[in-house]
Amino acid sequence: MNRILVADKLAGEALDRLTNAEGVEIEVRTGLTPAALADAMGDFDGMIIRSGVQVTAECFARPGRMRAI
């Protein structure tokens, strides 16, 4: 099962599609600070962001399971 972090606001239709996708588990965590994002993202296989989230060098220093942003 692929775990996806949704770290920015998405339209309801987009969240519905992700929720109903087979083999995908999503977790929505909006409003994370850069430090909290760095701590969280290593537990996920992928992350969905938009322009409201800044992925800093600190995030990439400990990517963990993260394979796609």
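Throughout, numbering of the chain's residues begins at 1 and tracks the sequence. Keep in mind that this is a model prediction, so the values were computed, not measured. Hydrogens, waters and symmetry mates play no part in the numbers below; they use all other heavy atoms, side chains included.
- Residue pairs that meet the side-chain hydrogen bond (donor to acceptor under 3.5 Å, both in side chains) test with at least one member in residues 5-24, sequence neighbours left out, do not exist here.
- Of all heavy-atom pairs between R62 and A38, the closest is NH2-CB, 3.5 Å.
- L18 places a side-chain heavy atom less than 4.5 Å from the side chain of I48.
- Sequence neighbours left out, the pairs with a member in residues 43-59 that pass salt bridge (Lys or Arg N to Asp or Glu O under 4.0 Å) are D45-R65.
- In this structure, the side chain to side chain contact (heavy atoms under 4.5 Å, CB included) partners of L37, at least two apart in sequence or on a different chain, are L5, A7, L32, M47, V53, V55, C59.
- Scored by the side-chain hydrogen bond (donor to acceptor under 3.5 Å, both in side chains) test, E27 finds R3, R29 as partners (sequence neighbours excluded).
- Hydrophobic clustering (side-chain heavy atoms under 4.5 Å, transitive across Ile, Leu, Val, Met, Phe, Trp, Tyr) keeps I69 apart from I4.
- Taken together through direct or relayed side-chain contacts under 4.5 Å among Ile, Leu, Val, Met, Phe, Trp and Tyr, M41 and I49 form part of one hydrophobic cluster.
- If you chain together ILVMFWY residues whose side-chain heavy atoms come under 4.5 Å of each other, M1 ends up in a group of its own.
- T33 meets the side chain to side chain contact (heavy atoms under 4.5 Å, CB included) test with A35, A36; sequence neighbours excluded.
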